[in-house]
Every structure is written in C-alpha cells, then in structure tokens.
Novice: 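Sharing a structure below in structure tokens format, with a few things to ask.
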There are 2 protein chains.
Amino acid sequence: MPRASQRPRLVDVAEHAAVSLATASRALAGREGVSTEVADRIRQVARELGYVANPYARTLASGATSTVGLIVHQVDDPYFSEIAAGVIQLASEQGLLVQICQSGRDPDYELQQLRHLIAQRVGIVLISGSGYDDPRMESAARAELAAFQDHGGRAAAIGRHALGVDAVLPDNEAGGHALAQHLMDLGHRRIAVAAGSAGLTTVADRLAGVSSALRERGRSPADLAVVHSDFTRGGGRAAAEQILNDHPETTAIIALNDAMAMGVLSTLRSRRVPVPTRMSVVGFDDVSVAADLAPSLTTIRLPMTEMGRTALTLALKPRTARPRRRPTGHLLVVRDSTGPAPRT
Amino acid sequence: MPRASQRPRLVDVAEHAAVSLATASRALAGREGVSTEVADRIRQVARELGYVANPYARTLASGATSTVGLIVHQVDDPYFSEIAAGVIQLASEQGLLVQICQSGRDPDYELQQLRHLIAQRVGIVLISGSGYDDPRMESAARAELAAFQDHGGRAAAIGRHALGVDAVLPDNEAGGHALAQHLMDLGHRRIAVAAGSAGLTTVADRLAGVSSALRERGRSPADLAVVHSDFTRGGGRAAAEQILNDHPETTAIIALNDAMAMGVLSTLRSRRVPVPTRMSVVGFDDVSVAADLAPSLTTIRLPMTEMGRTALTLALKPRTARPRRRPTGHLLVVRDSTGPAPRT
DNA sequence: AGCGCTTACGTAAGCGCTTACGTACCCTAG
DNA sequence: CTAGGGTACGTAAGCGCTTACGTAAGCGCT
C-alpha cells in the first residue's frame, strides 16, 4: 500500500536534520537528552517542513490520547452549549480536540455513548447534565468510569454528582432556597414549581432547597404545588398549563431551569396572565437569553462556561484518591419577571 | 513498554476464534473472502469479548479516518448549536465522531483551526458560518480544502459558498427579499437594516435581497438605512441605538439574523419603543427561541438542524467533478413583532 | 592510567490494525 | 487424470510514531 498521506513524517524531519528518529521525537516532545543546539535545528526543520505529528500514530505508540469526549444532553440547549463552549475554549488553548456526543436525555443512550467514547480511546471524558435517580443506570455508568480511570483515563462530571469522579457542582439546593426566599420576601404564599423529570437528581436538589426555605418560614410543604414535566421549553409550557388549571391560587412559579421558565412565560403570555403583576416567574441557570426575554427573567446565575473550563481543568490534573468536588458560585439575579404578590 | 490498554485486541479475537489476524479483520470489516460460517464465529467471539476496534490503529493502518471536524463560529450561538446538533445526530447514526472547533468569528483563527483539523487527520471537514469578503483569506481556505480533498478528504460548507467544496446554502437573497416585501406590504417606507459585519458574504447576500425588493417597488436604495455591527445580540443592541439616534423616522428594522433581532428588541424595550405598534422588527434564521420572545419574532426560517445533516450527507458521498450546491428551503414566519406602519 | 558515571544520541521493538500477496484446497473442464 | 481457476485462509509488511535499551564519547576522580 502506498503512503496514505503526503504530509511530512517524523523521518522526513529526522533526515533533513541529519539525526535519528528517536532524537527527532525527543526534541519535538521537548524531552531530555537532546542538546539545545540539535533540538533547535530539529525544531527549525520541522517548522520549515510544516510537520505536524500524526495523532493516530502518536496515540497508538504512546497510549496517551489527547482528545476529550464530552457528553451533553443536547447541544442546542443553551445550558449545554454554554458548557460546551467553555470546554472547547480551554481544550483549544491546550491543543486538545473535543469529541462531542448527545445523549438526548436518555440514560440508556447516554451509557451507550459513554461506552462508545471510551472504546474510541479518548483520554478524558466529561459528562454533563443531571444524574438519574435510577440506581442501576448510575452504578453502570460509575463502573464504566471507574474502569476507565483505572486504565489511565480521566473523567469529570459537570453539574452532576455520585459518579465517583471529580465533579464541578453548583449548589442546587442553595439556589432553590434563594429563589423561594426571594419570592416569599415579595409576599408570595402560593408558590408552584415547574420541575423537570422526577428522576433527576438536579430536580430533587433544587426542589429540596425550595422546600427547606418554606419550612424555615414555617410554611407547610403542602403549600407548594409541584408539577413534574421535563427540562425543556415544551415541558415548561405543559407545566404552566397544569399549574394554571389545577392550582389557580398560585401567584409565583419557580421553574427549575431557564428553558422551562421560557415555556412558562410563553404560556402565561398566551393565556394573558400578566407577569409579574399577576404572576411572578423565576428560572434557574441564567442562560444568556434570560436577560433578553420580555420580561427579563429573575433566575439563579450559574457560570456555565466557566464550569466547562473547570471540569476540563480538573480532568487534566492527576487523579486524587478521593474524587474532588469543585463548587461553583451561584447568584440570584433579580430582573423583571418577579414582583410583589398581588393583593387577594 | 507494557500494553497501554487492557481492552481486547484483534489478535485476542483471532486466537479465540482459532483464525488468523487477517481473517478476523476481514470478517469484522464485512469484507469478502470469509465463509459465512467462520465469519459468524468471529463476530460471535468479538461480541463475547466486548471487542471494539482501536480507531487509532485502524486509521494508522488504513489511512481512512472516521471522524468529522466541524468548525463553527461559536457553539453557544443558537444558530450554530442547531447546526451542530444536526451534524452530531447524523454522525452518531453513522458511527462517526464529531470534533468541534470554534473560530470565534475570526477569519485568521478559523483558518488556523481548519489547518489544525486537517493536520489531525480528520476524514471530513464541515465548515459553517458566513464566508469573508477578504479574498486572501478565502483563497487560503479554499487552497487548504482543495489540497485536503485531493488527498482523499471530504469537505462541505454550511451557509457559505465560494470555498470550492460542496455546500448547503440557504437562499439568503430571497430571504432578504421576502422580509423587505413583507414590511412594505405592511406600509413601511422607512426601513433600517441592522447588519452584521460588512465583510461577510451572508450580510451582502441578505442585504442584496432587501435592496432588490425595494427597487422592484420603485423605492430608492437611499431610503434604506444600513447600520453595520456584528451578528450577536450585543451587535443588535448597538445597531438599534444607532438607528434610533441617526434615523428617527424608521418604522421597521430588518435584523439580518435572529441574534441581532434579539438585541434590537432588547434596546427597543429599554427605550420604551413599542413593538410592533411604533416599530416593526424582523430577524433571519428562526432560531428556536424566536417564537418565545415577547413579542414573538417575525423571521425567515432556515432548517438549521437539517442543514447540518445535509452537509454531512453530502460529505459522505463521493466527490463530484464540480462541487454540489444543495439549496435549503426558507419560509417567512410572520409573528407578533411586525405590524402595519404607524400613521405619521 | 584506569575506573565509573553522566550525557547525547542511535537502534530497534513494538502499539493494533489493514491489506497485498502467497498458499492450500476444491471444483470443473478437457 | 491433470491443468486451470476460483475460494478461503494465512503470512507478513507496513502505517508513523514512542521509548527501552545499547553505545560511544566526555568528564572527574582516585
């Protein structure tokens, strides 16, 4: 078979520089044992020839990959695309490539994608999105990741815990707490929650924060109407419909992410419910459009892009005995979608 | 050196099936020259062992990569994230992996990313986003892609022409035309355009459509105020400010993409300019949030996700003598951001 | 002077696959 | 019964790199 590519190879560089393959390799890798003089010559030749190492050969020989696999639920969901942007930014700065996969919010498919990425020999796996309450699924993923890391891979989770790997985690509970407090401060007593799928840990955590805030003020959790749907705009619309129908006394809706909040706002608009005068709405995440909605959305800001970068940073460091947790800051951003509770 | 990975190799499969390496390879690749009986046995063994081919070794040996490189301006821009979603979907169905790069709307950096992807030996390059009017840049990219394709690579462009590769292209001119016509039908006479960077072909094309529509109705292009900024929300805000200040007679703003339209709406809201009663606004692309804005946005719908899929489909087909062009449909979607021109 | 140590480089053995080519076998035709 | 040709499989040569190990030269030391 003829050579597949016409690109210059390491031997070409070595020949031009009149050294051996090994020396050329060492020089370009910046490793010890090459005099600065020779190393400079080799680098010079490589530049002139436009030499770029073949990553396939390199990986095959060394066993060390330089590509990172990123699993998100959906890239066209702003929450995930902002995370992806952060990961890609940092990866690009580090000369790494990012292979991206969509799980479509399906735990089975996600596990399959994870296996696929590992089989493809990526060096780093980043997995984002909420975890699932399904213990079978989580332990399968955990086992897969553990085996992966035992063979020298590195993994980190974004916004997700309990996988036995390093994680960058927002304080979902505190965020939920802050939202509920904000609404209670405004005098709201009948609060409804538009929640994502019941099986998600993120949902459970954010909800727990909301409940605890109510409890602290002596409210009964029974005062809280929780409607489960899914973490999409469509899910938000559905949840809002149900809230309006089943809990007409509601004066404030906590959507557990911004996508749902957008759906909620959309339904309220079409049902001619004025926001915030008749109904306050809050979201969670602060995706970049949140500020441009009408009314602009009160929400909890998470630094998604930074979370992506941090996760990759964690994964680039050597593994520690116990998985690390990097908390992320969060911030209540008050905008125009919340206001005082209407007089009854 | 010890073996890098503990994963089963092809030799393991071959041994367990009591055949040679070559036969095992042939059987798993589904190539000729293996009796069905033996092939079945090999596949069976492979399954039992959980064998997955090492893509690095495979690529090194065969020279044929199975990863596609995708260049976008920014993944957290909904236009691009929807395209990316389409590409990733189809790639995943085909067992391909997607390596994604952000050019950050910088032609130099984009060229660099392109070179990097090619150096990384991806098999397919998809490049999206507008082209640049800079002939030096475009011809450098074109040359790079031509060389890449001559060495067996495949490339396709999304929403971008003149690169000498297959392209899936919306009819930007017709879209611009339709928007202008829609506004004129509503009685608008003083129309302003919030355009992206002047150097982009997409901007030129969409603008040309707008101008031609005006000309057909006997309007002078001088009636059209064109403000250049960039294709982001911030750019839309800036453009809107300038339009309000310098062209107060304007009753309708054509934003040349939805991101800018969102910025325009945001500025109008803060300046208390009612939409559409005092000012109509249209966008271009129909990103998924466009329908959820307040007011919902009149815009031209482009099938971004499908465009991503189509581009990959094109790239998976053998190259033709002349680059193919796949037009995409477009559709004027009338929503609440446009209305009759106010009486003067 | 001779010893060992370090330094700088070369040699060559893989990494796990694909594939050109060689070989054994069986079938059919002459 | 043998030549010719097809089929099924094995052998081995790479793909372009990394790296363990070998070697030769230079150094200081006793």
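The model shown is predicted, which means the values in this text are computed figures rather than measured ones. First the proteins, then the strands, lettered A, B, ... as listed; each starts at 1.
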Novice: Under the salt bridge (charged side-chain N to carboxylate O under 4.0 Å, His left out) rule, collect the residues that match up with E110(A), sequence neighbours excluded.
Specialist: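 Scan of E110(A) (salt bridge (charged side-chain N to carboxylate O under 4.0 Å, His left out), adjacent residues dropped) gives R160(A).
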Novice: Got a minute to check which stems DNA chain D is part of, using Watson-Crick or G-U wobble pairs under 3.5 Å, three or more consecutive?
Specialist: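 When the pairs of DNA chain D are grouped into runs of at least three, the stems are C:1-30 with D:1-30.
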Novice: Determine, for R7(B) against D12(B), whether the closest basic-nitrogen to carboxylate-oxygen distance falls under 4.0 angstrom.
Specialist: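 Judged by the 4.0 Å cut-off on N to carboxylate O distance, R7(B) and D12(B) do not form a salt bridge.
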Novice: Decide yes or no for L145(B) and L114(B): does some side-chain heavy atom of the first lie under 4.5 Å from some side-chain heavy atom of the second?
Specialist: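 Yes; the side chains approach each other to less than 4.5 Å.
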Novice: Residues in ring-ring contact (aromatic ring centres under 6.0 Å, His included) with Y56(B), at least two apart?
Specialist: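 In terms of ring-ring contact (aromatic ring centres under 6.0 Å, His included), with neighbours along the sequence ignored, Y56(B) is linked to Y56(A).
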Novice: Could you pull out all residues at least two apart from L169(B) that satisfy side-chain contact (heavy atoms from CB on, under 4.5 Å)?
Specialist: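 Applying side-chain contact (heavy atoms from CB on, under 4.5 Å) to L169(B) gives H161(B), A167(B), R325(B).
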Novice: Just list the side-chain donor-acceptor pairs under 3.5 Å for residues 63-72 of chain A, sequence neighbours left out, or say none.
Specialist:
residue, atom, partner, partner atom, Å
T65(A), OG1, R121(A), O, 3.1
T65(A), OG1, G123(A), N, 2.9

Novice: Using a strict heavy-atom distance below 4.0 Å, which residues from residues 36-56 of chain B are in contact with DNA chain C?
Specialist: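 Contacts with DNA chain C under 4.0 Å: Y51(B), A53(B), N54(B).
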Novice: Is there a side chain to side chain contact (heavy atoms under 4.5 Å, CB included) between D40(B) and Q44(B) once you walk through the steps?
Specialist: CA-CA 6 Å; D40(B) 283 345; Q44(B) 171 66 17; over 6 Å; no
Novice: Please tabulate, for the side chains in residues 17-33 of chain B, all donor-acceptor contacts under 3.5 angstrom to protein atoms that are two or more places apart in sequence or on a different chain.
Specialist:
residue, atom, partner, partner atom, Å
S20(B), OG, A22(B), N, 3.4
S20(B), OG, T23(B), N, 3.3
S20(B), OG, T23(B), OG1, 3.2

Novice: Quick one, which residues of residues 21-30 of chain A touch DNA chain C with a heavy atom under 4.0 Å?
Specialist: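 Only A22(A), T23(A), R26(A) qualify.
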Novice: Quick one: list whatever passes salt bridge (charged side-chain N to carboxylate O under 4.0 Å, His left out) with E144(B), sequence neighbours left out.
Specialist: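 With neighbours one apart ignored, the set is R115(B).
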Novice: Using the test side chain to side chain donor-acceptor pair (under 3.5 Å), find all partners of H16(A) that sit at least two apart in sequence or belong to another chain.
Specialist: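 Checked H16(A) against side chain to side chain donor-acceptor pair (under 3.5 Å); zero matches.
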Novice: Could I get a table of every N or O pair under 3.5 Å where one atom is in the protein and the other is in nucleotides 23-25 of chain C?
Specialist:
none

Novice: Can you sort out the partners of Y79(A) under ring-ring contact (aromatic ring centres under 6.0 Å, His included), two or more places apart, ordered by chain and number?
Specialist: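 Result, ring-ring contact (aromatic ring centres under 6.0 Å, His included) vs Y79(A): none returned.
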